[in-house]
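Notes to accompany the following structure.
Numbering of residues begins at 1 and proceeds along the displayed sequence.
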Amino acid sequence: MRISIDFDKCSGHARCVARAPELFDVDDDGNSFVLVDEVDEADQDDARKSVDVCPERAISLHED
């Protein structure tokens, strides 16, 4: 599984970072970014929940 963020939609709420700090961080402009290329099986539930908590629906998951 991979994660992507649509930076045009991201408003910097950082709820994804609060939900899954092992998967996301925030840049100097306040926008979230993904920390991993591939999501470990142990973190996949957190990745899915991060999609749900994003108010802008800026996060997408891609199943390989």
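A distance of 9.5 Å separates CG of Asp40 from CD of Glu22, quoted to the nearest 0.5 Å. With rounding to the nearest 0.5 angstrom, the CG atom of Asp43 is 12.5 Å from the CD atom of Glu38.
For the pair Met1 and Arg48, the minimum side-chain heavy-atom distance is below 4.5 Å. Looking at heavy atoms from C-beta onward, Arg15 lies in side-chain contact with Pro55 at the 4.5 angstrom threshold. By the 4.5 Å heavy-atom criterion applied to side chains, Cys16 and Ser32 are counted as neighbours. No side-chain heavy atom of Ser60 sits under 4.5 Å from any side-chain heavy atom of Ile3. By the 4.5 Å heavy-atom criterion applied to side chains, Leu35 and Leu23 are not counted as neighbours.
Heavy atoms only, all atoms of each residue included: Ser50 and Ala20 are closest at OG-CB, 3.6 Å. The minimum heavy-atom distance between Cys10 and Ile5, with the atom names listed, is CB-CG2, 4.2 Å. The shortest heavy-atom contact between Ala47 and Val39 is CB-CG1, 4.2 Å.
Ionic pairing of Asp45 and Lys49 is present here: one or more N-O contacts between side-chain nitrogen and carboxylate oxygen are shorter than 4.0 angstrom. Arg19 and Asp46 are joined by a salt bridge, as a carboxylate oxygen and a charged side-chain nitrogen come within less than 4.0 angstrom of each other.
Val53 and Leu61 fall into different hydrophobic clusters, where Ile, Leu, Val, Met, Phe, Trp and Tyr residues are linked whenever their side-chain heavy atoms come under 4.5 Å apart, directly or through other members.
When each of Asp52, Val51, Asp6, Val34 is tested with Ile59 by the rule side chain to side chain contact (heavy atoms under 4.5 Å, CB included), just one qualifies, namely Val51.
Applying the 6.0 Å contact sphere to CD of Glu41 captures no more than 12 heavy atoms from other residues, nucleotides or ligands.
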Applying side chain to side chain contact (heavy atoms under 4.5 Å, CB included), run through Phe33 and Asp25 and close with a yes or a no.
-> CA-CA 6 Å; Phe33 64 92; Asp25 202 353; 3.5 Å; yes
After noting the C-alpha distance and the side-chain angles of Ser4 and His62, does the key distance pass the side chain to side chain contact (heavy atoms under 4.5 Å, CB included) rule?
-> CA-CA 8 Å; Ser4 64; His62 309 278; 2.7 Å; yes
